[in-house]
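Everything quoted here is computed from the prediction, not taken from an experiment. Note on naming: letters A, B, ... go to the chains in the order of the sequence lines (proteins, then strands), and numbering restarts at 1 for each one.
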Amino acid sequence: MKIVFMGTPDFAVPSLQALIDSPHEVVGVFTQPDRPKGRGGKVQASPVKQLAVRHGIPVFQPERIRRDGVEDLRGLAPDLCVTAAFGQILSQEVLDIPRLGTVNVHASLLPRHRGSAPIAWAILQGDAEVGVTTMLTDKGIDTGAMLLKKSLPRDPAMTCGELTEVLSRVGASLLMETLAGLEDGTVKPVPQDESRMTYDPMLKKEMGEIDWTQSGEAVANRILALNPWPGCSVPWGEGRLKLLRAAAAEGAGQPGEVIASGKTGLVVACGEGAVAVTQLQAPGGKAMAAADYLRGHPIPVGTRLA
RNA sequence: CGCGGGGUAGAGCAGUUUGGUAGCUCGUCGGGCUCAUAACCCGGAGGUCGUGGGUUCAAGUCCCACCCCCGCAA
């Protein structure tokens with residue numbers, strides 16, 4: 001089949017790689033325009049673009065595909081479109097172009113966690129099961145009929161970044177299964193149960209503010225869910241102390257009060273229980289184990305974090 | 001040329017303003033105490049102070065260049 005791939009970040013890379021390695025022909029790749037990124041404001045190509053370029057696949061980067069990418073897409077005459085974390089909404093006009101439709105790889109167990117940050121929300125809400133769903137894209141946001149689903153138990157120690165990497169590989173293999181199933185007719189679209197659907201908004205920077213009156217588990221999940229972006233932090237000296245990794249812990253005290261500090265990490269009392277911050281990052285410093293940080297910067301028990 | 005922080009023992013840091021033979025916490029090794037311990041006491045090993053130049057009687061500390069890491073902003 002002639003396939004056009006649409007995707008942008010690291011999550012989409014394994015799926016594109018799988019298509020490249022398959023007998024299918026990837027005739028074009030759509031990805032977000034290069035944007036200024038990193039220090040010095042240097043523009044940088046998306047991970048998907050970098051991979052496409054390495055394989056000599058034509059790359060298209062319209063600001064809005066539904067506005068100024070339609071003709072390019074039509075010109076590629078794809079049998080099928082595959083999307084994975086593309087970052088743009090497809091119009092009906094775009095969806096009508098591929099003969100066999102558009103398959104999307106979504107990093108949640110639909111109909112839960114529709115939206116652009118499904119993995120973070122799954123962690124944020126403490127889901128026991130996480131996974132990937134392949135689906136036929138329709139005009140709504142993640143509302144199309146489901147094709148295949150793969151779920152796995154969530155490792156409560158994993159950050160969003162780590163889980164994203166795991167699920168990106170799960171997504172790639174599920175995509176291959178899905179395409180094979182569509183070709184031999186063993187995979188049939190199943191409508192989503194609208195009554196059980198949840199739509200989660202994009203992550204915002206403000207979500208990184210810690211509310212110590214929440215339970216220790218909730219605080220730990222927030223820290224994990226928002227790593228690497230936007231990250232949780234607390235005011236610290238001139239800047240902010242970033243909290244990168246944590247786990248629910250035993251203990252009690254005033255919310256925000258440090259109740260243990262040392263080899264076990266930084267244990268902070270919460271509204272219910274406590275949270276052990278195990279990895280953090282000080283202004284200007286690298287990410288490091290909390291125990292390492294505390295050797296050079298002791299934080300006495302009793303300190304109150306905002 | 002977007003703004004800014006930092007590179008000193010295995011780890012995390014202080015010391016740089018006022019140049020003068022390198023220090024703290026932890027780890028590690030050896031010994032001691034203890035029913036016992038992530039406890040305590042004693043002792044030891046371990047550092048070309050990011051790299052290359054320069055100034056100086058003397059440079060971690062001052063000057064110049066370069067490399068690497070990180071935060072903000074996007």
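Rounded to an integer number of Å, the gap from CZ of Arg295(A) to C1' of U28(B) is 12 Å. The distance from atom CD of Gln281(A) to atom P of G6(B) is 15 Å, rounded to the nearest whole Å.
Remark: the separation of the P atoms in G6(B) and G50(B) is 13 Å, to the nearest Å. Rounded to whole Å, the separation between the P atoms of U55(B) and C13(B) comes to 34 Å. Nucleotides U18(B) and C62(B) are separated by 9 Å at their P atoms, to the nearest Å. The same atom, C1', is picked in U8(B) and in C69(B); the two are 16 Å apart, to the nearest Å. Between A14(B) and C1(B), the two P atoms lie 33 Å apart (nearest whole Å). Comparing the C1' positions of G20(B) and G5(B) gives an interatomic distance of 30 Å, to the nearest angstrom. Rounded to whole Å, the P atom of C63(B) lies 23 Å from the corresponding atom of A22(B). Distance noted for atom P between G53(B) and G60(B): 15 Å (whole Å).
Shown here for Leu226(A) and Cys232(A), the closest heavy-atom pair between the two residues is CD2-SG, 4.0 Å.
At a threshold of 4.5 Å between non-hydrogen side-chain atoms, the residues Val59(A) and Phe30(A) do not count as touching.
One finds no side-chain N or O of Lys286(A) lying less than 4.0 angstrom from the OP1 or OP2 phosphate oxygen of C13(B).
Leu243(A) and Val267(A) fall into different hydrophobic clusters, where Ile, Leu, Val, Met, Phe, Trp and Tyr are joined by side-chain heavy atoms under 4.5 Å apart, directly or via other members.
Pair assignment for C35(B) gives none, since no Watson-Crick or G-U wobble pairing has each distance under 3.5 Å.
Residues Thr8(A) and Gln32(A) bring no donor and acceptor atom of their side chains to less than 3.5 Å of each other.
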